[in-house]
Engineer: 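Starting off with a structure, shown below.
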Amino acid sequence: MSAKATYDSREVEKKWYAYWMEHDYFRSVPDDREPYTIVIPPPNVTGVLHMGHMLNNTIQDILIRKARLDGKNACWVPGTDHASIATEAKVVHKLREQGIKKSDLGREDFLKHAFAWKEEYGGIILKQLQLLGASCDWERTRFTMEPKMYAAVIQVFVKLYRSGKLYRAQRMTNWDPEAQTVLSNEEVIHTDENGNLYHVRYRMEGTDDTYITIATSRPETIMADTALAVHPDDKRYQHFHGRKVIVPLVGRVVPVIPDDYVDPEFGTGALKITPAHDPNDYELGQKYGLDVIDILTPDGKLNELAQVAVGLDRIDARTEVVKMLKESGDLVKIEQYRTKVGRSERTNAVVEPRLTLQWFMKMRETAATALEAVENGEVKFHPDNMVNMYRSWLNAENVRDWCVSRQLWWGQRIPAWYHGEEVYVAQTAEEALEEARHHHPGLTLEDLQQDEDVLDTWFSSWLWPMSVFDGFGEDKTELAYYYPTNDLVTGWDIMFFWVARMIMAGYEFSEDLLGEEFVAEHGRQPFRDVYFTGMVRDEKRRKMSKSLGNSPDALELLRTYGADGVRYGMLSSAAAGNDIIFDAPLQDGEALNESQLCEQGRKFCNKIFNANRLIQGFDVADRDPDPAARLATEWIEARLNATITEVDRMMADYRLSEAMVTLYRLVWSDFCSWYLEAIKPSDGTLSRSTYDAAVSVFERMMTLLHPFMPFITEEVWHQLRHRNEGQDCIVSSWPEAGDYDVELLERFSRLQDTVTHVRDVRNQRGISHGEPLRLAVKKNASTEQLLGGNAGAGVFLRGAGNLASVDLVDGAPANGLPFLIGNDTAYLILNGEVDLAAERAQTEEELTRLRGFLKGVEKKLSNERFVANAPEGVVALERKKQADAEAKIANLEKML
RNA sequence: GGUCGAUUAGCUCAGUUGGUUUAGAGCGUUGCAUUGACAUUGCAGAGGUCACUGGUUCGAAUCCAGUAUCGACCACCA
């Protein structure tokens with residue numbers, strides 16, 4: 001037995017993690033067992049562990065450890081994502097600090113820097129996951145930019161191009177002027193921001209004082225205006241139809257177009273049309289054949305076409321243009337206005353609509369397939385109401401083609417080679433050349449120009465469940481064994497980015513890779529179940545993010561509460577899909593928050609640790625068990641089996657949080673508070689059979705708890721039986737739920753109620769627990785069953801309630817305080833006088849409550865339709881309620 | 001503007017196809033307890049007309065409709 005009364009998580013965690021690694025317990029290779037597979041949502045290679053990671057990796061670890069205990073071949077594949085724009089932004093930033101500009105470096109040198117950065121910082125997060133206890137197969141660690149995965153991406157691009165799903169087009173796209181790349185719609189975050197609505201007047205051509213006033217939030221783009229628009233029915237502006245107006249500052253003459261796109265209610269009812277810098281205006285421009293005048297440079301400055309404010313950043317240009325408009329008298333007024341501004345998810349730069357030439361993937365058909373997969377249950381969502389969000393993303397009206405090219409260097413370079421206007425898509429330059437030579441026999445490699453752009457990060461992530469098993473390589477053994485994976489655990493915020501696209505990839509490629517026969521048998525889906533975790537938010541319900549600085553230090557948390565404590569804390573408030581609120585630790589502890597839950601987890605570890613110390617401290621002798629211990633042992637076995645049954649059901653339904661809380665109560669309340677107290681011997685010596693039973697129950701509880709709290713359970717598991725190497729909790733078996741005696745559980749709970757009542761009486765009357773009292777129970781068939789025969793019940797009551805005697809009697813004893821055990825009368829005999837009046841009042845209060853209850857039940861039973869329609873069992877139950885209440889009332893009345 | 005979700009004890013939340021003695025947990029709170037597992041503790045108590053209004057049903061926290069409040073997501077309103 002350890003001398004310390006406090007559990008030291010750090011030492012234990014370090015020891016067991018190293019031990020598990022040494023024994024290769026996380027390792028998975030294909031064999032005869034049923035596989036159970038999870039692929040990690042690969043964190044950004046330069047990422048640092050935050051609360052969201054802790055939550056979702058805890059859940060994955062619980063699932064994988066449970067599967068391991070179930071005897072499956074559990075395989076959890078870890079890895080990192082190259083996160084093209086996020087990482088490139090970081091590298092650019094770092095280089096800038098060193099005075100190096102990305103453009104001065106060139107692609108190759110830049111990539112050298114990027115890889116150096118990756119070598120230095122990449123994978124820190126994976127080390128941090130180990131501190132959490134994550135039992136990933138680390139030998140399988142993958143990286144989305146490693147050669148094999150790079151090759152898979154290229155292969156897929158070529159295939160999709162050849163099947164006609166990829167195309168290149170000039171489109172209005174979201175441009176990040178800081179990263180100088182295009183963004184997908186999903187990478188743009190729209191938020192409400194304060195802005196101004198500028199009212200600017202345009203003079204009608206050929207007049208001196210006829211003006212039309214428009215409202216715009218972007219005055220700096222008026223130099224790119226190529227028209228004005230008004231609603232055709234708007235009386236105010238009908239005299240402008242067919243006329244031309246003059247754009248202030250630049251003097252361009254542009255037409256006024258009537259179009260019902262314009263909302264006459266908004267602003268002034270007149271709208272400037274700037275096709276180059278607004279998606280809607282672009283549409284209108286297309287419709288009316290307007291010029292597109294792009295006045296912005298790729299880094300968001302005004303170019304020569306703007307004529308004024310040239311060289312200024314668009315933000316500064318706005319100030320300048322407003323000043324100039326003021327001076328020219330064309331600025332009518334400025335209105336305060338709250339507007340949506342789109343910012344880049346990664347750089348936070350204000351996104352500019354910009355006409356660019358990009359690669360797109362056709363989504364309509366693919367999205368329909370992916371939607372179907374979830375609708376028909378081939379992929380199940382937990383919680384299942386997430387399907388609604390998924391549906392709204394993927395339905396034909398909302399889905400748009402996926403812009404897959406990015407103007408970055410850190411990523412898979414698009415395998416397209418150009419010869420003038422011609423495009424050759426192939427795995428390699430040589431293949432592209434070969435193809436090109438069909439048309440131009442004399443070409444050489446120098447004549448072909450590879451696309452400068454790389455692919456969207458998600459264009460590699462969507463292959464993850466297949467590419468981690470080298471599914472695109474020659475050898476399909478691994479893919480055929482592990483695919484489809486079982487569970488995917490991720491936040492709902494990347495449902496479209498990632499989950500949907502993996503499903504698309506699964507349906508798009510699995511048959512190619514594995515064959516018709518395989519997919520007919522196993523399906524095409526990349527995973528069968530998706531567990532959506534909630535977002536971890538702070539106390540103001542803001543999403544935790546580094547930029548807000550509102551995320552607690554994950555490593556500090558692990559140090560303070562231990563991995564088991566943190567895992568407990570993360571999970572205990574995290575029902576699937578629900579956001580969880582995580583506060584920074586509070587000094588006064590007034591409100592419950594997540595770190596308090598971690599504290600609770602830490603206390604739980606300590607409780608387990610001390611329960612083990614108690615058991616280890618018992619002496620054991622070969623003798624008959626104490627009757628109370630025998631009864632308590634039968635009971636705890638039944639409780640354990642009942643709990644396993646419950647927990648099994650919860651785990652199958654992905655109600656992990658509930659399962660853990662159920663086990664918490666079993667350990668703390670049932671096992672420690674009731675069972676251990678019941679078997680605790682007065683002389684410190686336990687019968688062997690009781691000791692063995694206690695150890696056996698404890699051991700099974702440790703296995704049940706192991707997926708949730710792996711370290712403490714492994715530690716105690718070993719100490720309990722002084723186990724040797726190789727006999728380890730992590731690879732033991734999940735306990736089977738045996739049959740249990742419901743009647744026993746019910747009987748024991750009546751005994752517990754009796755004890756509670758005795759303690760309550762002591763509390764109320766200030767009778768110390770040390771003072772023995774006597775209990776007399778009215779003798780009848782039911783109480784004889786409860787207390788007679790098996791002497792254990794009486795001994796148990798005597799011990800737990802400190803009663804000198806427990807007797808079955810016929811009459812009411814003197815100084816007896818009557819109360820009910822179930823429906824039966826009992827008397828607690830005090831050593832002094834009994835305050836009859838107070839007792840009477842209490843009894844009467846109880847009587848009133850019971851009579852009310854009985855009335856309700858009787859009303860129900862007197863309802864003929866209830867008796868006729870309700871199932872037999874329910875009616876019988878109501879009858880029993882009625883009989884019980886009547887018996888209780890009769891007993892109470894007699895007491896009075 | 002559209003869609004989805006929430007509203008249960010002071011706080012944070014469970015409540016699994018409507019029915020098990022008239023709702024559960026943790027924390028907080030109140031009272032009592034301290035020399036051998038644990039004060040990172042034990043025992044006990046108080047605390048809820050399940051947002052509101054109607055409806056369906058023999059029966060509703062649970063299903064339906066409406067109202068109120070809050071939240072999330074999507075959407076091109078300059």
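Numbered from 1 within each chain, the chains take letters A, B, ... in sequence-line order.
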Engineer: Between P on B/A75 and CG on A/L394, what's the gap in Å once rounded to a whole number?
Structural biologist: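 Going from CG in A/L394 over to P in B/A75 covers 13 Å.
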Engineer: Atom CG of A/N610 and atom C1' of B/C38: how far apart are they, to the nearest Å?
Structural biologist: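 A/N610 atom CG is separated from B/C38 atom C1' by 4 Å.
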Engineer: Distance only, no hydrogens: is a donor on one side chain within 3.5 Å (strictly under) of an acceptor on the other, for A/E335 and A/H199?
Structural biologist: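 Distance-only check passes for A/E335 and A/H199.
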Engineer: For the P atoms, the ones on B/A51 and on B/G10, what distance do you get once it is rounded to whole angstrom?
Structural biologist: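 Between the two P atoms, the distance is 13 Å.
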Engineer: Give me the distance, rounded to whole Å, that separates B/G5 from B/C64 when you measure between the P atoms they each carry.
Structural biologist: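 Straight-line distance between the two P atoms is 10 Å.
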Engineer: Within the sub-3.5 Å range, which N or O atoms of nucleotides 2-5 of chain B have a protein N or O partner, and how far apart are they?
Structural biologist:
unit_1: B/C4; atom_1: O3'; unit_2: A/N388; atom_2: ND2; d: 3.4

Engineer: Would you measure the distance from the C1' atom in B/G59 across to the matching atom in B/G55 and give it in whole Å?
Structural biologist: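 It comes out at 15 Å once rounded to the nearest Å.
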Engineer: Using the C1' atom as the point on both nucleotides, what is the distance between B/U29 and B/A75, in whole Å?
Structural biologist: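 Per the computed distance, 48 Å lies between those C1' atoms.
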Engineer: Quick one: which of B/A78, B/C76, B/G26 gets closest to the side chain of A/S217?
Structural biologist: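 Looking only at side-chain atoms, A/S217 lies closest to B/A78.
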Engineer: Tell me if the centroids of the rings in A/F819 and A/H757 come within less than 6.0 Å of each other.
Structural biologist: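 Close enough - the centres of the two rings lie under 6.0 Å apart.
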Engineer: Of all the nucleotides listed (B/G26, B/C58, B/A78), which has the minimum atom distance to the side chain of A/D263?
Structural biologist: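 In terms of side-chain proximity for A/D263, the closest of B/G26, B/C58, B/A78 is B/A78.
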Engineer: Which nucleotide in the set B/C77, B/G26, B/U41 lies at the smallest distance from any side-chain heavy atom of A/F266?
Structural biologist: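 For A/F266, the side-chain atoms sit closest to B/C77.
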Engineer: Check this one for me: any side-chain N or O of A/N606 less than 4.0 Å away from OP1 or OP2 of B/U40?
Structural biologist: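 Negative; the distance criterion is not met.
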Engineer: Within the distance-only criterion (no hydrogens, no angle test), does the side chain of A/D278 pair as donor or acceptor with the backbone N or O of A/T274 below 3.5 angstrom?
Structural biologist: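 No, because the side chain of A/D278 does not come within donor-acceptor range (under 3.5 Å) of the backbone of A/T274.
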Engineer: Can you work out whether A/E878 or A/V755 has the more 5'-proximal nearest nucleotide on RNA chain B?
Structural biologist: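 By nearest-heavy-atom nucleotide position, the 5'-most residue is A/E878.
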Engineer: Ignoring hydrogens and angles, state whether a donor on the side chain of A/K272 or A/T221 is under 3.5 Å from an acceptor on the partner side chain.
Structural biologist: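 Yes, because at least one side-chain N or O of A/K272 sits under 3.5 Å from a partner of the opposite role on A/T221.
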Engineer: Do the side-chain N and O atoms of A/N194 and A/Y337 include a donor-acceptor pair separated by under 3.5 angstrom?
Structural biologist: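 Result is no, nothing qualifies.
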Engineer: Taking any strand in view, what nucleotide pairs with B/C76 in a Watson-Crick or G-U wobble way, both distances under 3.5 Å?
Structural biologist: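 Paired with B/C76, as far as the under-3.5 Å criterion goes, is no nucleotide at all.
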Engineer: Please determine, for B/A44, whether a Watson-Crick or G-U wobble partner exists with both distances under 3.5 Å, and give it or none.
Structural biologist: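 B/U30 is the nucleotide pairing with B/A44.
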Engineer: For residues A/N823 and A/N891, is any side-chain donor paired with an opposing acceptor at under 3.5 Å?
Structural biologist: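 Per modelled atom types, A/N823 and A/N891 side chains form no pair under 3.5 Å.
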Engineer: Does A/S673 place a side-chain N or O at less than 4.0 Å from the phosphate oxygens OP1/OP2 of B/C43?
Structural biologist: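 Affirmative; the distance criterion is met.
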Engineer: For RNA chain B, determine which residues of residues 756-763 of chain A have any heavy atom closer than 4.0 angstrom to one of its atoms, and list them numerically.
Structural biologist: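 Heavy-atom contacts with RNA chain B come from A/T756, A/R759, A/D760, A/N763.
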Engineer: Would you measure the distance from the C1' atom in B/U7 across to the matching atom in B/C50 and give it in whole Å?
Structural biologist: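 Per the computed distance, 10 Å lies between those C1' atoms.
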Engineer: Give a yes or no answer on whether the side chain of A/T754 reaches the backbone of A/R750 with a donor-acceptor pair at less than 3.5 Å.
Structural biologist: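 Judged by distance alone, yes, a pair lies under 3.5 Å.
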Engineer: Taking 4.0 Å as the cut-off, does a side-chain nitrogen or oxygen of A/Y337 come that near to OP1 or OP2 on B/A78?
Structural biologist: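 Yes, within the criterion.
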Engineer: Mind telling me whether A/W674 and A/F796 have parallel, tilted or perpendicular rings, with 30° and 60° as the class edges?
Structural biologist: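 Ring orientation, 0 to 90° scale: tilted.
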Engineer: Indicate, with yes or no, if the rings of A/Y568 and A/Y664 have centres closer together than 6.0 Å.
Structural biologist: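 Yes, they do, as the ring centres are separated by less than 6.0 Å.
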Engineer: When the distance from CZ of A/F609 to C1' of B/C38 is rounded to whole Å, what number comes out?
Structural biologist: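 Rounded to whole Å, this separation is 10 Å.
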Engineer: Quick one: do A/E646 and A/R649 make a salt bridge, cutoff under 4.0 Å?
Structural biologist: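 No, A/E646 and A/R649 are not salt-bridged.
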Engineer: Take the protein atom OH of A/Y675 and the nucleotide atom P of B/A37, then report the distance between them rounded to whole Å.
Structural biologist: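 Nearest whole value for this atom pair: 16 Å.
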Engineer: With distance as the sole test, does A/S673 use its side chain to make a donor-acceptor pair with the main-chain N or O of A/D670 at under 3.5 Å?
Structural biologist: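 A pair under 3.5 Å: no.
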Engineer: Could you tell me which nucleotide pairs with B/U56 by Watson-Crick or G-U wobble geometry, both distances under 3.5 Å, or answer none if nothing does?
Structural biologist: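 By the stated definition (distances under 3.5 Å), nothing pairs with B/U56.
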Engineer: Under 4.0 Å between any heavy atoms, over every strand shown, what does A/R665 touch: base, sugar-phosphate, or nothing? Just pick one.
Structural biologist: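 Result for A/R665 = sugar-phosphate.
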Engineer: With a 3.5 angstrom cut-off on both distances, give the Watson-Crick or G-U wobble partner of B/U35, or none if there isn't one.
Structural biologist: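 Looking at the geometry, B/U35 pairs with no nucleotide.
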Engineer: Tell me which residues in residues 278-287 of chain A put a heavy atom below 4.0 Å from RNA chain B, sorted by number, or none.
Structural biologist: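 Hits under 4.0 Å, by residue number: A/N280.
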Engineer: What nucleotide among B/A25, B/U40, B/U21 has an atom nearest to a side-chain atom of A/T6?
Structural biologist: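 The answer is B/U40, which lies nearest to the side chain.
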Engineer: Does B/U62 pair with anything, Watson-Crick or G-U wobble, both distances under 3.5 Å, and if so, with which nucleotide?
Structural biologist: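 Because no pair has both required distances under 3.5 Å, B/U62 counts as unpaired.
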Engineer: Does A/R762 use its side chain to pair, donor to acceptor, with the backbone of A/E771 at less than 3.5 Å?
Structural biologist: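 Judged by distance alone, yes, a pair lies under 3.5 Å.
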Engineer: Which sits closer to the 5' end of RNA chain B, A/I615 or A/Q752, going by the nucleotide each is nearest to?
Structural biologist: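 Looking at RNA chain B, the more 5' nearest nucleotide goes with A/I615.
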Engineer: Within the 4.0 Å heavy-atom criterion, would you say A/R765 contacts the bases, only the backbone, or no part of the nucleic acid?
Structural biologist: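 Nothing, no nucleic acid heavy atom in range.
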Engineer: Please report the distance separating the P of B/A78 from the corresponding atom of B/U67, rounded so that it comes out in whole Å.
Structural biologist: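 It comes out at 28 Å once rounded to the nearest Å.
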Engineer: Just how far, in rounded Å, is C1' of B/C38 from OH of A/Y7?
Structural biologist: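 Going from OH in A/Y7 over to C1' in B/C38 covers 15 Å.
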Engineer: Measure CH2/A/W674 against P/B/C38 and give the value in whole Å, please.
Structural biologist: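 Answer to the nearest Å: 21 Å.
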Engineer: When you get a sec, tell me which of B/A37, B/A78, B/C58 is the closest nucleotide to the side chain of A/L271?
Structural biologist: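 Of B/A37, B/A78, B/C58, B/A78 is nearest to the side chain of A/L271.
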Engineer: On the side chain of A/E677, is there an atom forming a donor-acceptor pair with the base of B/A37 - under 3.5 Å, no angle test?
Structural biologist: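 When only heavy-atom distances are counted, A/E677 does reach the base of B/A37 through a donor-acceptor pair under 3.5 Å.
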Engineer: Could you point out which residue of A/Y691, A/F671, A/F609 forms a ring pair (Phe, Tyr, Trp, His ring centres under 6.0 Å) with A/F698?
Structural biologist: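 Running ring pair (Phe, Tyr, Trp, His ring centres under 6.0 Å) over A/Y691, A/F671, A/F609 with A/F698 returns exactly one hit, A/F671.
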Engineer: With distance as the sole test, does A/D401 use its side chain to make a donor-acceptor pair with the main-chain N or O of A/M363 at under 3.5 Å?
Structural biologist: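 Checking the backbone N and O of A/M363 against the side chain of A/D401, a donor-acceptor pair under 3.5 Å is found.
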Engineer: For A/W492 and B/A72, is the shortest distance between a side-chain N/O and OP1 or OP2 below 4.0 Å?
Structural biologist: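 Checking A/W492 against B/A72: no side-chain N or O falls below 4.0 Å of OP1 or OP2.
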Engineer: Compare side-chain N and O positions of A/K881 against OP1 and OP2 of B/U20 and report whether any pair is under 4.0 Å apart.
Structural biologist: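 So the side-chain polar atoms of A/K881 never come under 4.0 Å of the phosphate oxygens OP1 or OP2 of B/U20.
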Engineer: Considering only the C1' atoms, how many Å lie between B/G47 and B/G28, rounded to the nearest integer?
Structural biologist: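 So the two C1' atoms sit 11 Å from each other.
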Engineer: Compare the minimum distances between each of B/C58, B/C76, B/U21 and the side chain of A/Y261, then state the nucleotide with the smallest one.
Structural biologist: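 For A/Y261, the side-chain atoms sit closest to B/C76.
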Engineer: Would you say that more than 12 heavy atoms from the other residues, nucleotides or ligands in this model lie under 6.0 Å from the CZ of A/R391, or not?
Structural biologist: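 More than 12 within 6.0 Å, yes.
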Engineer: Could you tell me whether the phosphate oxygens of B/U22, OP1 or OP2, come under 4.0 Å of any side-chain nitrogen or oxygen in A/R849?
Structural biologist: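 For A/R849, the contact criterion (side-chain N or O under 4.0 Å from OP1 or OP2 of B/U22) is met.
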Engineer: Whole angstroms only, please: what is the NZ-P distance between A/K603 and B/G28?
Structural biologist: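 Distance, rounded to whole Å: 6 Å.
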Engineer: Determine the interatomic distance between P on B/U34 and the same-named atom on B/G42; round to the nearest Å.
Structural biologist: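 The answer is 16 Å between these two P atoms.
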Engineer: May I have the step-by-step check of salt bridge (charged side-chain N to carboxylate O under 4.0 Å, His left out) for A/K855 and A/E858, ending in yes or no?
Structural biologist: CA-CA 5 Å; A/K855 222 169 157 184; A/E858 277 172 345; over 6 Å; no
Engineer: Using Watson-Crick or G-U wobble geometry with both distances below 3.5 Å, tell me the partner of B/A68, or none.
Structural biologist: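 B/A68 is paired, partner B/U7.
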Engineer: It should be established whether A/K607 places a side-chain nitrogen or oxygen under 4.0 Å from OP1 or OP2 of nucleotide B/G42.
Structural biologist: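 It does, given that an N or O in the side chain of A/K607 lies less than 4.0 Å from OP1 or OP2 of B/G42.
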Engineer: Rounded to whole Å, please give me the gap between CG in A/L597 and C1' in B/U40.
Structural biologist: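 One finds 15 Å between C1' of B/U40 and CG of A/L597, rounded.
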